[in-house]
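Below is one structure, written out as structure tokens; the observations come after it.
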Amino acid sequence: MIDSQAIDIQPIANSRIQELDENNIPFGALYSDHMFLADYYDGAWQDARIVPYQNISLSPANATLHYAITVFEGMKAYKNPDGDVIAFRPEANAERLNISGERMCIPEVPQDLFMEGLTQLLKIDAAWVPSAPNTSLYIRPFVFATDEYIGIRPPSNFRFMIITCPVGAYYGKPVSVKIETEYSRAFPGGTGYAKAGGNYGASLYPALQAQKKGFDQLIWTDGQNHEYIEESGTMNVMFKIDDTLITAPTSGTILKGITRDSVLKITRDWGMKVEERPVAVAEIVAAAREGRIQEAFGVGTAATIAPIAKIGFGDEIFELPNPENGELAQNILRELNNIRYGLIEDRYGWTYKI
Ligand SMILES: *Cc1c(COP(=O)(O)O)cnc(C)c1O
């Protein structure tokens with residue numbers, strides 16, 4: 001068990017908070033004053049601490065540098081109108097970190113270590129949670145192997161860290177996506193369901209090829225036959241066709257998004273027809289040709305909702321109607337924001353007050 005006294009806190013001498021301009025926040029470039037760390041050695045997590053944000057030193061033989069033995073999470077905290085800091089569904093991230101970790105032979109991070117580290121870090125850096133409209137604090141928990149060993153084996157030493165950075169109002173410019181039928185992100189028995197570092201490094205090259213053809217992002221399809229839609233970039237993807245919200249079931253190859261889960265709960269409660277089932281590429285292409293796709297969007301923590309304006313498949317490009325003002329996307333975004341910023345009753349118990 002961990003309590004707040006078990007975390008050694010070394011506060012920064014001079015805060016850098018004056019560098020933060022809430023109305024002009026560069027994404028991922030400005031990190032908050034402090035970071036949380038804990039080390040795993042002799043079979044246990046130890047030395048939980050909060051220190052000023054700073055570089056860390058690693059052996060050149062560090063196992064993670066060579067073999068990507070690392071998993072991460074992404075979540076956000078918000079300020080409510082009273083100025084309280086609220087995290088959105090952090091327990092779900094703690095749980096998923098361990099689901100990812102197990103696949104990479106990373107030992108479980110106890111939920112109370114995760115939650116207490118997060119809570120103490122957000123307390124000491126509360127000033128870094130911006131309050132300008134649509135801003136938030138992005139939170140990046142991650143675990144990596146620290147073994148100084150160049151052989152390939154399950155490591156025995158690890159580090160768990162949490163860093164945070166304020167993020168500005170995300171402008172959800174509708175994106176153009178290409179249905180990818182050559183490269184794969186995931187395959188049965190692989191690591192697609194895990195937020196494991198290597199998955200993301202390996203996705204850059206295919207995404208770059210699509211960008212050279214003028215697309216913003218890929219729609220990944222199954223790694224066996226490229227017959228089924230899986231995800232869009234690093235977001236889950238949803239379609240509104242014939243007034244029904246359709247998305248692929250999370251499986252070994254699809255990451256179980258917390259935003260996806262939240263959107264499905266909300267839309268079902270609205271009485272909307274929702275289907276979680278395999279989504280064939282052929283079905284989406286046929287619906288697009290017939291002009292029956294009413295809306296399509298990616299869902300994930302970073303952008304919440306990323307409306308899709310164009311879908312490329314082979315030599316065809318389908319333009320979706322009115323992507324800037326999709327009614328469903330806007331309703332979902334408003335509802336999620338109202339919950340996350342504490343503007344309406346939290347009927348799902350999704351918010352965690354620091
Ligand atoms: C993180 C991630 C998502 C979205 O998950 P959220 O919990 O909603 O942020 C979807 N797909 C992939 C591949 C991801 O890495």
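Counting starts at 1 for both ligands and their atoms, following the listed order.
Partner of D261 under the salt bridge (charged side-chain N to carboxylate O under 4.0 Å, His left out) criterion, out of R89, R96, R268, K256: R89 alone.
Among residues two or more places apart in sequence or in another chain, the side-chain contact (heavy atoms from CB on, under 4.5 Å) test is passed with N98 by E108, V109. Partners of T135 according to the side chain to side chain donor-acceptor pair (under 3.5 Å) rule, which considers only residues two or more places apart in sequence or in another chain, do not exist here. Y348 meets the ring-ring contact (aromatic ring centres under 6.0 Å, His included) test with W350; sequence neighbours excluded.
Between W45 and Y40, the ring-plane angle classifies as perpendicular under the 30° and 60° cut-offs.
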When you check ligand 1 against the protein, what N or O pairs turn up below 3.5 Å? List the atom names and distances, or just say none.
residue  : atom   : partner : partner atom : Å
ligand 1 : 7 (O)  : R96     : NH1          : 2.8
ligand 1 : 7 (O)  : R96     : NH2          : 3.1
ligand 1 : 7 (O)  : I258    : N            : 2.8
ligand 1 : 8 (O)  : I258    : N            : 3.3
ligand 1 : 8 (O)  : T259    : N            : 2.9
ligand 1 : 8 (O)  : T259    : OG1          : 2.6
ligand 1 : 9 (O)  : T301    : N            : 2.9
ligand 1 : 9 (O)  : T301    : OG1          : 2.6
ligand 1 : 11 (N) : E231    : OE1          : 2.5
ligand 1 : 11 (N) : T234    : O            : 3.4
ligand 1 : 15 (O) : K195    : NZ           : 2.7
ligand 1 : 15 (O) : Y200    : OH           : 2.4

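More than 12 heavy atoms of other shown residues, nucleotides or ligands fall within 6.0 angstrom of atom CD in E335.
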